[in-house]
Amino acid sequence: METAFTPLASLGGGLLIGTAAVLLMAVHGRIFGATGILSGLLSTRITQDWGIRASLLIGMMAAPLALLLLTGKGPVVQIPIGNLAIVLGGVLVGIGVSYGGGCTSGHGVCGNARFSRRSMIATLVFMAGAFLSVFITRHVLGGF
Amino acid sequence: MRYLTALLIGLVFGTGIAISGMINPAKVLNFFDIAGTWDPSLAFVMGGALLVAIPGYRLVFRRQRPLFETGFQLPGTTLIDTRLVLGSLTFGIGWGIAGFCPGGALPALGTGIPQVFLFVGALIAGLLIARGVKMVQSQRQAAHAS
């Protein structure tokens with residue numbers, strides 16, 4: 001499935017992601033990591049911390065609707081893979097980000113922005129892993 | 001007030017994810033498919049985010065503390081070990097299979113598409129599996145030490 005090259009929209013979206021990361025640090029003193037937010041919600045203790053994570057999640061989930069109301073067009077989400085691949089990918093992502101201590105937002109944006117060596121290495125490794133994985137699934141195995 | 005600011009910051013993040021294309025697995029997978037239907041757009045996402053976050057963090061860390069808290073919560077560990085490398089590699093492989101990373105999938109839940117819920121369910125299962133294994137490991141280590 002081909003997708004159009006969208007440098008301006010992607011840059012604009014990236015600027016917003018960076019802005020959210022800076023605001024969360026300035027206001028709440030936290031790293032904006034999707035892994036940490038979700039993982040912290042999987043706790044039975046309901047604290048103020050839990051409430052902040054839940055609010056962040058609700059805000060994130062409201063974005064497609066907000067975009068639809070503002071522009072009349074919701075985001076494009078195309079899923080070119082089967083359900084088995086979704087589940088396999090999801091479980092691997094969950095285990096990986098737990099051991100790796102973060103994902104694209106936590107390491108890739110926030111960690112790299114404060115020049116954490118740990119995050120720089122994590123980013124290089126997960127990008128390499130994804131390139132390798134796509135190459136194998138699409139060009140060696142011939143697609144999922 | 002804290003919850004309202006967090007909600008709005010989440011909304012800014014989610015809107016960025018939606019506009020940028022990170023919300024779209026087809027686009028993410030094409031970013032990694034240099035040998036096939038390559039779409040380099042997503043390089044602009046991390047580029048744009050860092051363009052704001054690098055100078056933004058500098059300004060924020062000049063302050064004594066964040067607006068609503070007594071201090072900044074930053075990861076204390078600087079350890080580069082096999083856990084970090086193998087964990088990140090596993091994440092990358094999963095990302096290349098499904099096309100969603102956690103930051104892309106959470107805002108995508110708002111579209112109501114069932115496969116996104118399937119992915120997030122599997123993601124939570126993976127987080128809990130890792131948590132369980134870590135717990136067993138640390139209990140074994142504690143038993144070994146005593």
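Below, all heavy atoms of this structure are taken into account, side chains as well, without hydrogens, waters or symmetry copies. Every chain is numbered from 1, with letters handed out A, B, ... down the list of sequences.
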Fill in the blank from the handout: If one checks every heavy atom of B:P55 against chain A at 4.5 Å, the contacting part turns out to be neither
Completion exercise
So, the part of A:T71 with a heavy atom under 4.5 Å from chain B: the answer is neither
Problem - Inter-residue atom distance A:I95.CD1 - B:L128.CG, 0.5 Å rounding - result: 10.5 Å
Problem - Pairs of heavy atoms under 4.5 Å with chain B: top-ranked of A:L23, A:L11, A:I17 - result: A:I17
Practice task
Assign the ring pair A:F131 / B:F31 to parallel, tilted or perpendicular, where the plane angle (0 to 90°) is split at 30° and 60°.
Solution key: tilted
Practice task
Side chain from CB out, backbone as N, CA, C, O: work out which of these in B:T78 comes under 4.5 Å of a heavy atom of chain A, or both, or neither.
Solution key: backbone
Practice task
Quick one: list whatever passes salt bridge (charged side-chain N to carboxylate O under 4.0 Å, His left out) with B:R83, sequence neighbours left out.
Solution key: none
Exercise for the section: Find the one option among A:G18, A:G59, A:G100, A:G33 whose heavy-atom pairs under 4.5 Å with chain B are most numerous. Expected result: A:G59
Practice task
Measure A:S105 against the heavy atoms of chain B and call it side chain, backbone, both or neither at under 4.5 Å.
Solution key: side chain
Exercise for the section: Sort out for me which of B:A53, B:S88, B:A125 touches chain A most, counting heavy-atom pairs under 4.5 Å. Expected result: B:S88
Completion exercise
Ranking A:G36, A:G51, A:G101 by heavy-atom pairs under 4.5 Å to chain B gives rank one to A:G51
Practice task
Working to the nearest 0.5 Å, report the span between CE of B:M22 and OG1 of A:T104.
Solution key: 5.0 Å
Handout entry: Side-chain heavy-atom pair A:F115, B:Y57 within 4.5 angstrom cut-off
Key = no
Handout entry: Atom of A:G90, atom of B:A98 and distance for their closest heavy-atom approach
Key = N-CB, 4.5 Å
Exercise for the section: Could you look at A:L67 and say if it's the side chain, the backbone, both or neither that has a heavy atom under 4.5 Å from chain B? Expected result: side chain
Problem - Structural part of B:R2 lying under 4.5 Å from a heavy atom of chain A - result: both
Exercise for the section: Indicate yes or no: at least one non-hydrogen side-chain atom of B:W95 is less than 4.5 angstrom from one of A:S133. Expected result: no
Exercise for the section: Side-chain contact test, heavy atoms from C-beta onward, threshold under 4.5 Å: evaluate it for B:F100 versus A:I86 and give yes or no. Expected result: no
Handout entry: Set of ring pair (Phe, Tyr, Trp, His ring centres under 6.0 Å) partners for A:Y99, sequence neighbours left out
Key = none
Exercise for the section: Spell out, as yes or no, whether a donor-acceptor pair under 3.5 Å connects the side chain of B:N30 to the backbone of A:M1. Expected result: yes
Practice task
Count the heavy-atom pairs under 4.5 Å between each of B:G14, B:G56, B:P25 and chain A, then report the option with the highest count.
Solution key: B:P25
Exercise for the section: Among the options A:A21, A:A66, A:P7, pick out the one with the most heavy-atom pairs lying under 4.5 Å from chain B. Expected result: A:P7
Problem - chain B contact via A:F5 - side chain, backbone, both or neither, heavy atoms under 4.5 Å - result: both
Problem - Best-contacting candidate, B:T77, B:L8, B:V116, against chain A by heavy atom pairs under 4.5 angstrom - result: B:T77
Fill in the blank from the handout: The reported gap from CG in A:L8 to OG in B:S41 (rounded to nearest 0.5 angstrom) is 10.0 Å
Handout entry: Toward chain A, the part of B:L89 with a non-hydrogen atom under 4.5 Å
Key = both
Practice task
Indicate whether the side chain of A:S10 and that of B:K27 have a donor and an acceptor atom separated by less than 3.5 Å.
Solution key: no
Practice task
Tell me, out of B:T111, B:L59, B:L42, who's got the most heavy-atom pairs with chain A below 4.5 Å.
Solution key: B:T111
Practice task
Among A:G74, A:G12, A:S55, A:G13, single out the residue with the greatest number of heavy-atom pairs under 4.5 Å to chain B.
Solution key: A:S55
Problem - For the student: nearest non-hydrogen atoms of B:A18 and A:P75, plus distance - result: CB-CB, 4.0 Å
Fill in the blank from the handout: Okay, A:A4 and chain B: the region with an atom under 4.5 Å from a heavy atom over there is backbone
Fill in the blank from the handout: Okay, A:I121 and chain B: the region with an atom under 4.5 Å from a heavy atom over there is side chain
Practice task
Let me know if A:A26 has heavy atoms under 4.5 Å from chain B in its side chain, its backbone, both or neither.
Solution key: both
Problem - Which atoms of A:L57 approach chain B - backbone, side chain, both or neither, heavy atom under 4.5 Å - result: side chain
Fill in the blank from the handout: Okay, B:T37 and chain A: the region with an atom under 4.5 Å from a heavy atom over there is side chain
